[in-house]
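Here's the structure we're looking at; comments come further down.
When reading the values below, keep in mind they use all heavy atoms of this one structure, side chains included, and skip hydrogens, waters and symmetry mates. Each chain gets a letter, A, B and so on, in the order its sequence line appears, and its residues count up from 1.
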There are 2 protein chains.
Amino acid sequence: MENSIAQVARNIVKGAPEPTLRRLPLYYRLLKQLRETGRTGVSCTLIGAELRLDATQVRKDIEMTGTVGRPKVGYDVNELICAIEKFLGWDNLTEAFLVGAGSLGEALMGYPGFSECGLSIVAAFDVDPNKCHRVIHGKHVRHISKMTGLMRRMRIRFGIITVPASEAQQAADLLIEGGVLAIWNFAPAKIQAPERVIVTNEDLYCSLAVLSQKMTRKLAESRSKGVA
Amino acid sequence: MENSIAQVARNIVKGAPEPTLRRLPLYYRLLKQLRETGRTGVSCTLIGAELRLDATQVRKDIEMTGTVGRPKVGYDVNELICAIEKFLGWDNLTEAFLVGAGSLGEALMGYPGFSECGLSIVAAFDVDPNKCHRVIHGKHVRHISKMTGLMRRMRIRFGIITVPASEAQQAADLLIEGGVLAIWNFAPAKIQAPERVIVTNEDLYCSLAVLSQKMTRKLAESRSKGVA
DNA sequence: TTCTAATAGAGAATTTATTCTCGATAAATA
DNA sequence: TATTTATCGAGAATAAATTCTCTATTAGAA
């Protein structure tokens with residue numbers, strides 16, 4: 001095998017394929033559960049069986065993180081957990097501001113386990129004065145007018161948008177003004193941002209579409225069987 | 001061209017590729033906006049430019065829905081909207097029960113536009129008696145013990161899980177007992193369900209992983225440039 | 001009316017992702 | 001100790017998704 005550290009560095013530089021990135025957290029969660037039970041080793045076969053994924057696929061994904069296993073034994077659980085953390089950047093704490101202190105914002109502020117992924121929502125902001133000056137899950141909600149200044153002062157580089165679609169662009173503009181590096185956008189709206197800013201959209205309608213079509217197919221299928 | 005109705009029927013039966021399904025709602029939203037402004041025609045080029053997607057890809061996606069366009073003109077906005085609705089099954093109303101009346105549940109109950117996608121959350125349920133007997137966004141919150149019976153009575157086939165991960169399986173079991181056909185799971189946990197039940201997981205950690213790695217890469221890049 | 005430019009649609013080519021195959025290795029067992 | 005079995009790792013084969021190329025068509029301009 002080739003120098004694996006260099007290989008992983010290269011993987012991080014050019015980036016893993018998105019499907020792989022989306023599966024890594026699933027492994028990560030399972031591995032933590034296994035560690036809880038005192039398990040120290042794990043094979044791709046086992047992970048695949050648990051998550052209903054092809055074992056080879058699991059192996060290829062793990063390969064991306066640079067973890068090496070041993071024939072007949074598999075991987076060291078701890079080592080693998082650390083490798084995934086490192087690969088995803090979950091080993092470094094990122095402080096985030098959240099824009100939009102509605103129920104969705106509140107839900108995210110109270111989301112368990114973000115800290116394990118190196119994410120810490122340190123404060124929330126809202127345009128509505130009635131929503132400000134509260135403390136939700138230990139975090140202060142302030143007026144949006146204070147955000148940009150605080151961002152610069154606290155060197156916050158990560159923003160989460162949980163405002164209605166109609167206000168998403170304004171929220172994004174403020175984050176950009178504050179020097180944001182990455183935006184996690186929960187509003188069902190496309191937002192414009194400079195090339196340098198990373199934007200990831202969490203669009204529920206996209207997921208719903210997948211589910212809706214599966215359901216439509218299933219219903220059509222059962223109907224045609226009923227007829228036949 | 002071949003009989004397009006038969007073609008679309010076949011597409012629905014075998015299902016569109018997931019990437020296509022996830023893009024269709026983006027087109028749908030844009031098209032509705034365009035219709036608002038009075039536009040009646042649209043080209044793949046325009047859609048692609050707006051959403052920063054390849055025009056050919058847009059064309060292929062649209063082809064799946066069976067909509068035909070005209071050279072030099074493009075597609076009829078209205079026709080395309082209807083075709084997407086039909087293709088995704090958004091033209092039929094689906095009534096859903098939601099389990100877990102916390103802030104995430106509340107956020108979904110108040111989510112705008114689900115009705116345009118044929119989804120209607122008709123009631124919510126929770127184990128916590130303190131959360132019950134409320135009305136959120138016009139929907140009643142009842143105790144979980146009532147759910148299974150009501151599901152059968154009301155013929156509810158769609159369930160949304162917004163409980164903590166530790167309770168997700170129990171929630172799913174109750175939905176299954178009530179005869180659920182599809183589950184939209186927002187808890188960061190894998191749930192076991194019979195083959196016949198469609199489960200879609202909305203796992204925030206999976207999206208976060210994509211964002212985290214992009215950010216890690218960007219930081220590594222800027223650091224190496226700073227050094228060089 | 002003729003020409004030009006924009007577009008859909010079909011199919012080929014390319015890229016990306018997944019799955020299969022096989023050899024090497026190490027633990028467990030006979 | 002020899003054999004068997006489970007596993008990793010590498011690479012080939014396959015499948016899926018995206019992008020490219022070309023042709024036909026049509027609206028609008030000359």
Going by distance alone, is a donor N or O of one side chain under 3.5 Å from an acceptor N or O of the other, for A/S207 and B/W184? no

Would you say A/Y75 places a side-chain N or O within less than 4.0 Å of OP1 or OP2 belonging to D/dA6? no

So B/N78 and B/T40, side-chain contact (heavy atoms from CB on, under 4.5 Å) or not? Walk me through it. CA-CA 7 Å; B/N78 248 312; B/T40 56; over 6 Å; no

B/M64 CE to D/dT18 P: how many Å, rounded? 12 Å

Checking side-chain polar atoms at under 3.5 Å, does A/D61 have a donor or acceptor matched by the opposite partner on A/Q57? no

Using rotation axes that map the C1' atoms of four end pairs onto the next four (five pairs an end), what angle separates the end axes of the helix from C/dT1-D/dA30 to C/dA30-D/dT1, to 10°? 0°

B/S212 backbone acceptor or donor facing B/T216 side chain under 3.5 Å: yes

What nucleic acid atoms does B/T45 come within less than 4.0 Å of, heavy atoms only: base, sugar-phosphate, or nothing? sugar-phosphate

Rounding to a whole Å, what distance do you find between B/I47:CD1 and C/dT7:P? 11 Å

Classify the side chain of B/K60 and the base of C/dG9 as holding, or not holding, a donor-acceptor pair under 3.5 Å. no

Given C/dA26, D/dT18, D/dG9, the nucleotide with the shortest approach to the side chain of B/Q57: D/dT18

Quick one: B/R22 CZ to D/dT18 C1', roughly how many Å, whole number? 18 Å

Roughly, in whole Å, what's the span from CG in B/L80 to P in C/dA8? 10 Å

To the nearest angstrom, the CG-P distance between A/D76 and C/dA27 comes to 14 Å

When the nearest nucleotide of DNA chain C is assigned to A/E18 and to B/G69 on a heavy-atom basis, which residue is associated with the more 5' position? B/G69

Between atom CZ in B/R70 and atom C1' in C/dA8, what is the gap in whole Å? 11 Å

Just checking B/T56: base, sugar-phosphate only, or nothing, at a heavy-atom cut-off of under 4.0 Å? base

Considering only side-chain heavy atoms of B/V73, which listed nucleotide, D/dT19, D/dA27, C/dA24, is closest? D/dA27

Nearest to the side chain of A/S43 - C/dA8, C/dT18, D/dC8? D/dC8

Output yes when A/E116 and A/K32 qualify as a salt bridge under the 4.0 Å nitrogen-oxygen rule, no when they do not. yes

Less than 3.5 Å between a donor and an acceptor, one on the side chain of B/K72 and one on the base of D/dT25, is that the case here? no

Between the side chain of B/N185 and the main-chain N/O of B/A189, is any donor-acceptor distance below 3.5 Å? yes

Considering every strand and a 4.0 Å limit on heavy-atom distances, what is the contact class for A/R59: base, sugar-phosphate, or nothing? base

Taken to the nearest whole Å, CG/B/D61 to C1'/C/dA10 is 16 Å

Do NZ/NE/NH1/NH2 and the carboxylate oxygens of A/E50 and B/K190 come within less than 4.0 Å? yes

